[in-house]
Amino acid sequence: KERRFDTPRDQVKQLKVSRPQIQPNYFINLGIKFKFIELKSKAQPTGSSSGKSSSRHTTATSAATSPAAANKNNNNKNNNDNNNSNSTDNNNNNNNNNSNSTDINNNNNKTRVVSPDINKTTNNNHESRDESNTKRANTSSRQSIASSDTGYMLSKLSIVDDTVAATADHQQKCGNNRQLHVSQKTRFGFEVIQELSCNFCKRKYTIRSGPDPVEDPSAEKRRGPKPSILNTTVANAMHTSAIHVAQMEQFCMEVGCIHPSNTGMTGMIERRKKVVIDVAEEILRDNRKEHVRLTKQIHPEHVTTHVDADGITHNICYGSVCADGAGDKRAYNHIITGTQHCTVVISIFTGKVLAVKHDQVSCGKCSKRLTHLLVVEKKRHDDITEEDLKHDGTCHINSKHGPAVAEEYALESLAEFLLIDPSTKKLRPDDEAILVDWFVADGDTKGANRFIAKQASIIPEFDGVAAYIPDIGHFIKCISNALFKLAGSNSDLRGVSLLEAARIKAICTDVTNLLKDYGKQMKRIKDEVGDDIDAMMERLKEPRAATLKRINAIIPHHCNDHHDCIIDDCFVVKRQRHYINLHKVTYPQSPLTEKEIIERHASEIAKDHANQGRFRGKHMSMSAKGQARVLEVITSRLNEKNIDRVAEGSSSNRCENMFNVLCKYSHGKRKYFGAADSWKVYIYLVAAKTNNDDHMVENKIRERMGVVTSTVREAASEKVSKVKQYRKEKHKSEPVKQRRKKATMASTKKAVSNKNAKARHKPDKQSPVDDCKSNKPKKAAAKKKRAPKRKRCENCNTIHDGQCQEGDNDDDASKKKKKSKKKKKEEEEDQELFDFMFNIANSQRR
C-alpha cells in the first residue's frame, strides 16, 4: 500500500505534477541492466495541470520487468482506497498525473523509477521564463533537455549501476520509503548530468553519463566549467580518426544523439591540437637521440670533432637520412597549386622521423580582412598594404614560399635545425646533434645541394664528406619517363614490336635487377676491405665495368641480338648453352663448332623461347641507329660516375609512406585546411606515429589531456594491432609480391593489345556547343544511282555513244592515240634493224 504525504494539500499538489516514466529495457530488482539508453517521453493528453516545474527536468529510458506500483489519481475527489492494488493498468485517462517517486516495497523489494512530466504547465509566466532560459541555454555550454525530446546519448557502461547504488543508498538512509525523482537534468556537450532528489529527506544524488571528474592539482587553472572527460574522450577519438567536426555533427544529427554545437566541438579539438604538438616534439627529440645512438653502434668511426664559438668541443656523429617534400594538393603536369607544404627528414637506420617543416602561405583571418577592405571599405587592390591586413588573433602564415619552391628552402632550414637548437641558438648536445653523410632524395629539386652546403657552413670540418644519393625508385622512374617521351616524339620508335608500354616496363626492370646485383657485390667487397677506400675502389673496377657492359647489352637483347648477353641475364643464351652441351655429350667426335650447333637447333631454341619467354619469343624490330638512341637515354643517366651511388639501393619510400598516411587526415581535395593550422597538427601527429606504436602515442596524448583509458579500448586496440601485423607480414611475403608483379605486367600488356582496357581509356570531351537534346534520328535520304561512267573507245580513242563506225578514225587523224616516245624509239630501232638485215640479204644475193 502506497503511503501518503504528511504535508498540506497545497504542497501535495506541487509534488504531484505528472512526469513521464523512466523505462529501462531490463529491470531486475536492484540489479538493473541497460541494453541501450534512449530518451523517450509518453504521449501527453490535451489537458493541463496546476503546479510549477522546471524546463530542465528530463527523461531517461528504461522498462521494468516486475509489476509496477500503484498509481495515485490526483483528480479523484472521493479519495477511495484503490491505492492498495499493484497494477499497471493504463486505462485510466488520468494516469499521467503520477507522482515523481521511487517506491521501494519492503515486502517484495521491487523498485519503480518515475521521472517528472513538465509539458502540462501552461502558466504564461512560466512560458516566458522558459523562453528566456532557452535563449540563455543556447549561449551556455550546459543546456537543459525538454521532456518531449527523444533520441539517444553516449553513456558509460556503469550508469545503471550508479543509479541502482543511489536508489539503494536512499532506501537505507531515508526511513520513510520516500521516492526519488529527477529534479534536474542538463546536457554538457555529449554528457548528460541528472540530479535525483527526495522531497522528504532533501538528499540529492548526481548521475553522470560520463566518467566522474578527476581533480588534477598540477593542471593549469582556467575560468569557466571544467571540460568533461566524456567530451574530451570523444574529441580525441574524432581527431585521431580523421573525423571532421562537420562530419561528426551530421553523424550525431542523423542518429539522433545528443552532441555539442559546432563551436563546442571545435573548441575541444583546439585544446587537443596544442597537446599533439607538444607530444610530437618530444617524440621527435627521442627519435633523434635514438638515431645518434644507433649510428654510433653501427659506425663508431663516423665522428667529427668541432669546437664552437664558446670554446666547447663537440664530437658529432654522422649518418644517412632520406628526405622528401609534398604539398597539400597533388601536382599534375608540373602545375603546382595549394597553400601548404610539408618537408620531412627520416633516419635510414631507424626509419623514424627526425624533423618536419611546415610552410603555409594562407590564413583564414587574412582572407576575411582582405574581403572587408575590398567590399566594405571599397579599397583598390593595389592600395592595400601589409599593414592593412593585420588582424586580431593568430596569423597562420609562417612562410613566404609556396609549395612549388618550398622544399629547397625547407631543407636548408632543416639542415640547421638538426644541428642548432632554435631556443638557445647554440649547437645541440652530442647525443642529439645530427650530421648527414648520405642524403637520399628523389632529385625533384636541388634541395640536397642546399642541405649539404648549409651543414658544411656550420661545421667546416665536415666539408666534402657528405654526398647526394639518388633514390633508386625515382631514378628508374626518370628513365621510364624518358623512354615514354622518346617514343612519343619519334614515330619510328613507337608502336607494336617497338617501344610499347610493356617493353619499357621490362627494360626498366632489367636495369633495376642489374643495379641491385652490383649493389650486393659492393657490400660484400666493403665488408671484406673495411675502411680502406683505395683498396675498395681498386677491387670495384672489374665488377663495375662488367655491370656497365651488361647494361649496354639490354637494348640489343630486346632486339634479338644476344652476342653480348651472359647466361645469367638471357634465357636464349641459357637454351643455346643447353643444346651445345647436349650435342657435345651426344656426339663427342662431332666437328661442328658452337655457332653451327646453335644454327642447327635454332628452331628448338625459338620454340622454347616462345613457350617460356616474357613476350612469347617476340622481340623489337629496331635498326642499329634506333637502338643507339634508346640506349643513350639510359647511359646519359647511368654511367661510371654515379653507378656506385645509385647501386647503394637507398630509397626515400619512408617519406612517401608518411605522406600516404597524411592523406587519411587530409580528406583529399574536398577539404580545405589552409585557413588555420589543422594540417600542421596532422603533420606532427603522423610524424610522431611513423614507425612508432600508434597506441603508445595516443596514450601519451590522452594522458596529457586527463583522459583515462578503458578496457574496451585496450581490447579493441590489441585486436586491431594483431590484424595490422598479419596484413603487413602477408603484404611482404614472396607469393604476394610475385602475384602483384604478374598482375602489373598483365595489365600493362593488356593496355597495349586491347583498346578497350582500363589503362587506355580516355573519354571524349563534350562540346560546349552541343545541347545534348534527345531528338529522333532523321531517316537517311535515298542515294541516287549514278550514271555509268563513259569510257573511251578502243578503236577511235574518243568518248561517244553506241558502237564505233568504220572509217570514223580515218577522217580525223588527230583523234588517234599518240604513241609514247619509248614506243616510237622501239619502232625506229626495229626499222633500222630490219633495214640492216634487208641490205645484208641483198648483198649476199648479188
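In plain terms, the two heavy atoms of Val192 and Ser209 that are nearest each other are N-OG, 2.8 Å. When every heavy atom of Gly393 is checked against every heavy atom of Lys365, the shortest pair comes out as CA-NZ, 3.6 Å. The minimum heavy-atom distance linking Ile159 with Ser155 is given by the pair CG2-OG, 3.1 Å. Listed here is the closest heavy atom pair of Ala323 and Leu411: CB-CD2, 3.8 Å. Residues Asp359 and Ala406 share a closest heavy-atom pair of OD2-CB, 4.1 Å. Across Gly327 and His341, no two heavy atoms sit closer than the pair N-CD2, 3.9 Å.
Of the N and O atoms on the side chains of His391 and Arg369, not one donor lies less than 3.5 Å from an acceptor on the other residue. In this model, a donor atom of one side chain and an acceptor atom of the other lie less than 3.5 Å apart for Ser228 and Glu191. Side-chain polar atoms of Lys689 and Thr240 form a donor-acceptor pair below 3.5 angstrom. Glu249 and Asn262 form a side-chain donor-acceptor contact under 3.5 Å, judged by distance and modelled atom types alone.
Both tests hold for Arg428 against Phe417: distance to the six-membered ring centre under 6.0 Å, angle to the ring axis within 45°.
More than 12 heavy atoms of other residues, nucleotides or ligands shown are found within 6.0 angstrom of CD on Glu270. Dense packing is recorded around CG of Asp212, with more than 12 heavy atoms of other residues, nucleotides or ligands lying under 6.0 Å away. By the 6.0 Å contact criterion, CD on Glu282 is enclosed, its count of non-hydrogen atoms from other residues, nucleotides or ligands being greater than 12.
Of the possible donor and acceptor atoms, one in the side chain of Asn692 sits under 3.5 Å from a partner among the backbone N and O of Ala688. With hydrogens and angles ignored, the 3.5 Å screen pairs a side-chain donor or acceptor of Gln455 with a backbone N or O of Ile434. Side chain of Asp471 to backbone of His474: a donor-acceptor contact under 3.5 angstrom is found. No donor-acceptor pair closer than 3.5 Å links the side chain of Ser652 to the backbone N or O of Cys655. The main-chain N or O of Val353 is found under 3.5 Å from a side-chain atom of Asn287 such that the two form a donor-acceptor pair. With Glu281 contributing its side chain and Asp278 its backbone, the two residues share no donor-acceptor pair below 3.5 Å. No donor-acceptor pair closer than 3.5 Å links the side chain of Ser362 to the backbone N or O of Thr339. Formation of a donor-acceptor pair under 3.5 Å by the Ser241 side chain with backbone atoms of Ala237 is found in this model. Here the side chain of Asn236 pairs a donor or acceptor atom with the backbone of Thr232 at under 3.5 angstrom. With Ser413 contributing its side chain and Tyr409 its backbone, the two residues share no donor-acceptor pair below 3.5 Å.
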Requested in this report: Before giving the answer on side chain to side chain contact (heavy atoms under 4.5 Å, CB included), spell out for Glu656 and Asp324 the whole-Å C-alpha distance, their side-chain angles and the decisive distance to 0.1 Å.
Outcome: CA-CA 8 Å; Glu656 300 291 345; Asp324 198 4; 2.7 Å; yes

| said: Assess the residue pair Lys724 and Asp694 against the criterion (side chain to side chain contact (heavy atoms under 4.5 Å, CB included)); give the C-alpha distance rounded to whole Å, side-chain angles, the decisive distance to 0.1 Å, and a yes or no. | reply: CA-CA 11 Å; Lys724 285 184 177 180; Asp694 296 357; 3.9 Å; yes

_Stepwise side chain to side chain contact (heavy atoms under 4.5 Å, CB included) test for Ile384 and Leu389_ = CA-CA 8 Å; Ile384 297 176; Leu389 294 177; 4.1 Å; yes

Report task. Please report the C-alpha distance between Cys395 and Cys366 in whole Å, then the side-chain angles of each, then the deciding distance to 0.1 Å, and finally whether the side chain to side chain contact (heavy atoms under 4.5 Å, CB included) criterion is met. Result -> CA-CA 7 Å; Cys395 183; Cys366 291; 3.5 Å; yes

Report the C-alpha separation of Arg272 and Glu698 in whole Å, then their side-chain angles, then the decisive distance to 0.1 Å, and conclude whether the salt bridge (charged side-chain N to carboxylate O under 4.0 Å, His left out) test is met. CA-CA 11 Å; Arg272 174 183 162 90; Glu698 281 301 324; 3.2 Å; yes

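Between Phe439 and Phe451, the ring centre distance stays below 6.0 Å. Centroid-to-centroid, the aromatic rings of Phe190 and His259 stay 6.0 Å apart or farther. Side-chain rings of His358 and Tyr684 stay apart, their centers remaining 6.0 Å or farther from each other.
Here the CG atom belonging to Leu414 is positioned 10.5 Å from the CD atom belonging to Glu407, to the nearest 0.5 angstrom. Within the model, atoms NZ of Lys379 and NE2 of His372 stand 9.5 Å from one another, a figure rounded to the nearest 0.5 Å. Considering CZ of Arg654 and NZ of Lys352, their distance stands at 12.0 Å, rounded to 0.5 Å. Rounding to the nearest 0.5 angstrom, the gap separating the SG atom in Cys363 from the CG atom in Leu370 is 11.5 Å. Interatomic distance, Ile229 CD1 to Met705 CE, rounded to the nearest 0.5 Å: 11.5 Å. To the nearest 0.5 Å, atom CG of residue Leu354 and atom CD1 of residue Ile346 are 8.0 Å apart.
By the 4.5 Å heavy-atom criterion applied to side chains, Ser183 and Leu196 are not counted as neighbours. Using a 4.5 Å heavy-atom cutoff, the side chains of Ile193 and Ile207 are not in contact. Looking only at side-chain heavy atoms (C-beta outward), Met238 and Val245 come within less than 4.5 Å of each other. Put simply, the side chain of Phe659 reaches to within 4.5 Å of the side chain of Cys342, judged on heavy atoms. Between Val276 and Ile701, the closest side-chain pair of non-hydrogen atoms falls below 4.5 Å. Residues Met658 and Ile683 form a side-chain contact, since some pair of their non-hydrogen atoms from C-beta on lies under 4.5 Å apart. Leu373 has its side chain out of reach of Lys378: every pair of non-hydrogen atoms, C-beta onward, lies at least 4.5 Å apart. At least one side-chain heavy atom of Leu685 sits under 4.5 Å from a side-chain heavy atom of His239.
With respect to Lys273 and Asp677, a salt bridge is recorded, a charged nitrogen being found less than 4.0 Å from a carboxylate O. A salt bridge is defined here as a Lys NZ or Arg NE, NH1 or NH2 lying under 4.0 Å from an Asp or Glu carboxylate O, and Glu432 with Lys289 fails to meet this definition. Of the charged side-chain nitrogens involved, none lies within less than 4.0 Å of a carboxylate oxygen, so that Asp388 and Lys390 do not count as a salt-bridged pair.
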